[in-house]
Amino acid sequence: MSNSSSGTGTSSKPRAASSQPSETSSKRKRGVFQKELQHMMYGFGDDPNPLPESVALMEDIAVEYVTELVHKAQDIGSQRGKLSVEDFLYLIRKVHFYSQ
């Protein structure tokens with residue numbers, strides 16, 4: 001896994017330097033998805049035993065993405081008064097469609 005970050009983020013917020021932990025990463029338990037991410041990274045062509053730093057970076061990116069997705073879905077759901085699966089599906093389709 002390359003440590004290059006070109007084109008990987010969809011966040012509109014400015015990102016902090018990589019040496020500084022993000023606000024959400026400092027409050028959560030790290031390494032929860034380590035094994036799953038290692039398997040996924042291998043499945044997508046990485047080394048069977050990727051660097052721990054690469055796995056940690058992928059975990060940070062995945063957690064940030066899911067957190068932002070949930071917040072956006074909550075915003076959409078609050079307009080109707082309830083959160084539904086369709087709110088998530090809409091956002092996933094929207095993000096996927098506009099990122100191509």
Exercise for review: Kindly compute the distance separating CD (Gln74) from CZ (Phe88), expressed to the nearest 0.5 Å.
Suggested key: 7.5 Å
Review point. Could you state the interatomic distance from OG (Ser54) to CG (Asn49), rounded to the nearest 0.5 Å?
Key: 12.0 Å
Review point. Distance-only, no hydrogens or angles: does the Thr67 side chain make a donor-acceptor pair with backbone N or O of Val63 under 3.5 Å?
Key: yes
Study note, to complete from the structure: Note: Gln38 and Val55 closest approach over all heavy atoms is CG-CG2, 3.7 Å
Check your understanding: Are Tyr90 and Val70 joined in one hydrophobic group, where the rule is that I, L, V, M, F, W and Y side chains link up if heavy atoms are under 4.5 Å apart?
Key -> yes
Practice item. Kindly work out whether a path of hydrophobic side-chain contacts (I/L/V/M/F/W/Y, heavy atoms less than 4.5 Å apart) joins Val85 to Ile92. Key: no
Review point. Do Tyr65 and Phe44 sit in the same hydrophobic cluster, where Ile, Leu, Val, Met, Phe, Trp and Tyr count as joined when their side-chain heavy atoms come under 4.5 Å apart?
Key: no
Check your understanding: Would you find a donor on one side and an acceptor on the other, under 3.5 Å apart, between the side chain of Glu59 and the backbone of Val32?
Key -> yes
Check your understanding: Which value, rounded to the nearest 0.5 Å, describes the distance between Leu51 atom CG and Met41 atom CE?
Key -> 8.0 Å
Practice item. With sequence neighbours excluded, give me every salt bridge (charged side-chain N to carboxylate O under 4.0 Å, His left out) pair touching residues 78-88. Key: Arg80-Asp87
Point to revise | side-chain contact (heavy atoms from CB on, under 4.5 Å) partners for Glu36, two or more places apart | key: Phe33
Check your understanding: Distance from Leu91 atom CG to Asp75 atom CG, nearest 0.5 Å?
Key -> 9.0 Å
**Study point:** Check: Asp47 and Tyr42 side chains under 4.5 Å, non-hydrogen atoms
**Key:** no
